[in-house]
Protein chains: 2
Amino acid sequence: MSSTIPKKPDPEPVAVTDEDAAESERLPRSLPSKRPGPPGGKRDENRRRRTRELCDAGLDLFLEKGIEGVTIDDIVRAAGVAKGSFYRYFEDKADLVEAIVSPLAAQVDDAFREGQAALEKASSNRRLFAAYQLLAEKLAGAIFLQPLVVKLYLQEMRTPSAGARAPIHALATRIADEAVSLTATARTHALWRPVHPRVSALAVVGSVEKLLFAFLSGEDLGELAEIPDALISMILDGLRLKD
Amino acid sequence: MSSTIPKKPDPEPVAVTDEDAAESERLPRSLPSKRPGPPGGKRDENRRRRTRELCDAGLDLFLEKGIEGVTIDDIVRAAGVAKGSFYRYFEDKADLVEAIVSPLAAQVDDAFREGQAALEKASSNRRLFAAYQLLAEKLAGAIFLQPLVVKLYLQEMRTPSAGARAPIHALATRIADEAVSLTATARTHALWRPVHPRVSALAVVGSVEKLLFAFLSGEDLGELAEIPDALISMILDGLRLKD
DNA sequence: TCAATTAATGACTAGATAGTCACTTTTTCC
DNA sequence: GGAAAAAGTGACTATCTAGTCATTAATTGA
């Protein structure tokens, strides 16, 4: 390897607001007005179980056949639930997709917010590394918690946004914008090549997404532990101005 | 820029079989047995026009709504053709997709074949550049001829391969494999970092695809002419062993 | 010209699909 | 316990869809 990456840079003072460990459980969208039952009671428990069953069955089917290729009947059959029950909890397929994706979206948004904050304070290469490492760790955490949702995102993100895929498309747009904004900041600090920020940001995001999709598809990528370092040094040698 | 790229290396002796300038016109799949009519006659001309109208209408709709979201009725309505006529020329939607994609697939396969041949002879950095430049030029040519088909490919390639998307998925698999094989060759020649070839190949392909999709979606990427150089130097500085 | 052949048409069928609703079962809470 | 509210059910409707086919129109070639 030709780049020297500081192994485990001290987590320099950085705005880490960990208040929001992104709720990964998917809750019913709304509660009845008169007799909702006590939290932890049977009504509450049944609602949570139904929502979870429908989300789980939906996710599996979406990954297998693509969002557009799955019908509500498929979903309720797989979840072992009557059709009417689906419509008690969700407006339509788009609403289900939204419920599946939104916890991941929240985590990803947080990761970028924190990365951006750290980067704005970075004035040295050391802090540049630290900021990117923070971002990478937060994103890795999100991926680790919801790998199948990430795969669904990668699988559907480029398809036209009509109907049920709208929430996924919205997340894709936000990620691209946040990555570009991050790169623009790095360039402001003169730590980066004078390449159009959208170009270098998309190049990096594209690499990561492709590798991640391959990994989540079970492809053999050799020793997994080596990938992050390999990727980081590729990116940094490719984009960073030399010291 | 920190890498020195030889501007326009002489196109060293390289196996360029240009016999097959990939027919980009989409022909009817089969001919009637008894009275097909003379080539250039009315029957022949009508057949070609119908196939083209159906392919064009299909492509537009696929890009707008996604392959899975388009019905045969949509296609024949857009093409101004009766439904029965569709089934005279194509088996089903998958067959139409196959007809739309296959000229591009042929060109891409050729580009990789030639790139691989050039690379196998490359023993110097100069020839490494030349081989990659040859590949890039061939691919750029294919993209320039069929930008909308390329966009369709990028849009649908990660979705599950069932049904109509099968031909697109097949092309995606071939491209990934050929890119990996190319990288493995470069590594054999000791011109490349000791990174798992699948990792570096997918990283490069991922960048290119992401940028290409953004470009084909009309995003602003700054001065277009600068992108290839920026990309090549990013890739080479990121992956190449230092001289 | 005209019979043979191919091409084009759109109504039609069988099956699938989203969403609804009257009815039954479960839970709440007095 | 029991009335009231919520949750669960699956048959039902109206719509959409892939694919067929009898009929009509256009083209061929002698």
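Given the structure is predicted, the values throughout are model-derived calculations rather than measurements. Chain A is the first sequence line, chain B the second, and so forth, proteins listed ahead of strands; every chain is numbered from 1.
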query: With respect to Asn46(A), which candidate in Arg49(A), Arg43(A), Arg50(A) satisfies the side-chain contact (heavy atoms from CB on, under 4.5 Å) definition?
result: Arg49(A)
- request: Classify the nucleic acid contact of Pro38(B) as base, sugar-phosphate or nothing, counting any heavy atom under 4.0 Å across all strands shown.
  value: sugar-phosphate
- request: Whole angstrom is fine here: how far is it from CZ in Arg48(B) over to P in dA7(C)?
  value: 13 Å
message: In this structure, how many angstroms lie between the P atom of dT17(D) and the CG atom of Leu61(B), rounded?
response: 12 Å
- request: Go through dT27(C), dT27(D), dA3(D) for me and flag the one nearest to the Arg35(A) side chain.
  value: dA3(D)
- prompt: Has Arg158(A) got its NZ or CZ under 6.0 Å from the middle of the six-membered ring of Phe213(B), at an angle within 45 degrees of the ring axis?
  reply: yes
field: Comparing Glu91(B) and Asp44(B) on DNA chain D - which has the more 5′ nearest nucleotide
entry: Glu91(B)
message: Can you build the contact string for nucleotides 8-18 of chain C? Use B for base contact, S for sugar-phosphate-only contact, and - for no protein heavy atom under 4.0 Å.
response: BBB------SB
- prompt: Considering all heavy atoms of both residues, which atom of Glu53(A) and which atom of Val81(A) are nearest to each other, and what is their separation?
  reply: OE1-CG2, 4.0 Å
task: Answer yes or no: side-chain N or O of Arg43(B) and base N or O of dT28(D) forming a donor-acceptor pair under 3.5 Å.
output: no
message: Checking side-chain polar atoms at under 3.5 Å, does Glu120(B) have a donor or acceptor matched by the opposite partner on Thr185(B)?
response: no
task: Please determine if Lys83(B) and Asp73(B) form a salt bridge, counting it only when a charged side-chain N lies under 4.0 Å from a carboxylate O.
output: yes
- prompt: Is the shortest side-chain N to carboxylate O distance from Arg48(B) to Asp44(B) below 4.0 Å?
  reply: yes
